[in-house]
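Below you'll find the structure, written out as structure tokens, and then a few comments.
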Protein chains: 2
Amino acid sequence: MLTIGSLAKKTGTKVQTIRYYEQIGLMPEPGRTGGGQRRYGDAELDRLSFIRHSRQLGFPLDVIRELLDLSDHPDKSCDEADAIARRQLKQVEQRLARLKALRTELKRMVHECSGGRTADCRVLEVLRDHTECLTQHDQMGA
Amino acid sequence: MLTIGSLAKKTGTKVQTIRYYEQIGLMPEPGRTGGGQRRYGDAELDRLSFIRHSRQLGFPLDVIRELLDLSDHPDKSCDEADAIARRQLKQVEQRLARLKALRTELKRMVHECSGGRTADCRVLEVLRDHTECLTQHDQMGA
DNA sequence: GCTTGAACCTCCAGCCACCAGAGGCTTTAT
DNA sequence: ATAAAGCCTCTGGTGGCTGGAGGTTCAAGC
């Protein structure tokens, strides 16, 4: 039987985060001691590990909910999980592309700045005038 | 003289966002009509363009505040603006590296999944067992 | 058995950078 | 004169947590 603190340590989660997951129904309500403290077993450890690992891979919580549901039904088709992972991959690739464009632009700013007064600062100049940008970096989100 | 709506259109900003910027002191309080509607001039247009462009390059609002301040004082040294841009570049590069690791992992998951029941799903299996990961993808943040 | 101190409890507020909607007023065009 | 588009303020929500206040419980040492 694990306390919330040791569960937190084992999974690299903050205690508050575990309580938060319980609050939004992502983690089940665990058993309690007579005094009202939470106690966890192996099932909860596995579930939390799954959640944390999915988070590290960038899946949002509502998607993780779906993945957990799939994982709880071993006879369902795998297609859905596969589709979710593919979507995530696509998003990661889009974000990569955007970040690369940003990097290019920032590098250019920094390289062209040769010190001096801010009046002649290349960094500020580029920020002032969007038309100087070579790359398109329209919406962010990452 | 621009209405808030036309300023929004020109800069690709939502109207509410402009009011938000005003509320947090990033944009100045503009002049008003007799009826209380905001009217903007070219200075505000320039300032908002600067803000939006900086946002697109991923600078957070408090950093943009610094950049605006530097831009308002043409005789200050350029070093600070340069340092800010370099920091941002570094952060972008870190995020790129993390995203690349994620992409690798997601690709592997997707490639290894050959359909079937969720019980045998490679995607779910990898999520369950972190030790199968080749790459380290510790904290996210993007 | 008693005391200490670490870990637990609940509840509330805040972070970032907005976005949406309710309910009402102003402007502009016809 | 009227209509509709756009403006106003104010409130509350988003995602995914994180921190703190103020109080209780647990486990270990004496």
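Chain letters run A, B, ... following the sequence lines, proteins first and then strands; every chain starts at 1.
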Side-chain N or O of [X] versus OP1/OP2 of [N]: is the shortest distance under 4.0 Å?
| X | N | value |
| --- | --- | --- |
| R38(B) | dC7(D) | no |
| R32(A) | dT10(C) | yes |
| T3(B) | dC7(D) | yes |
| R19(A) | dT18(D) | no |
| Y21(A) | dC17(D) | yes |
| T33(B) | dT27(C) | yes |
| T17(A) | dT18(D) | yes |
| K14(A) | dG16(D) | no |

Q. Got R47(B) and P28(B) here, is their nearest side-chain heavy-atom distance under 4.5 Å?
A. yes
Output the rounded distance in Å from [atom1] ([X]) to [atom2] ([N]).
| X | N | atom1 | atom2 | answer |
| --- | --- | --- | --- | --- |
| L61(A) | dT14(D) | CG | P | 13 Å |
| I18(B) | dA20(C) | CD1 | P | 14 Å |
| I24(B) | dC16(C) | CD1 | C1' | 10 Å |
| M1(A) | dA27(D) | CE | C1' | 18 Å |
| Q56(A) | dG16(D) | CD | P | 15 Å |
| I4(A) | dC26(D) | CD1 | P | 14 Å |
| R55(B) | dC19(C) | CZ | P | 10 Å |
| M27(A) | dG16(D) | CE | P | 17 Å |

Do [Y] and [X] meet the salt-bridge criterion of a basic N to acidic O distance under 4.0 Å?
| X | Y | answer |
| --- | --- | --- |
| E125(A) | R128(A) | no |
| R108(B) | E112(B) | yes |
| E29(B) | R38(B) | no |

Q. So, Q37(A) and R39(A): side-chain donor and acceptor under 3.5 Å apart, yes or no?
A. yes
(Q) Both Q16(B) and Y20(B) contact DNA chain C. Taking the nearest nucleotide for each, which residue is further toward the 5' end? (A) Y20(B)
Q: Identify, between G34(B) and R52(B), the residue whose nearest nucleotide on DNA chain C lies closer to the 5' end.
A: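 Going by which nucleotide is closer to the 5' end, it is R52(B).
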(Q) I want to verify a distance call: between dC8(C), dA17(C), dC7(D), whose nearest atom is closest to the V15(A) side chain? (A) dC8(C)
(Q) For Q37(A) and F59(A), find the nucleotide of DNA chain D closest to each by heavy atoms; which residue's nucleotide sits nearer the 5' end? (A)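 First, find each residue's nearest nucleotide; the 5'-ward one identifies F59(A).
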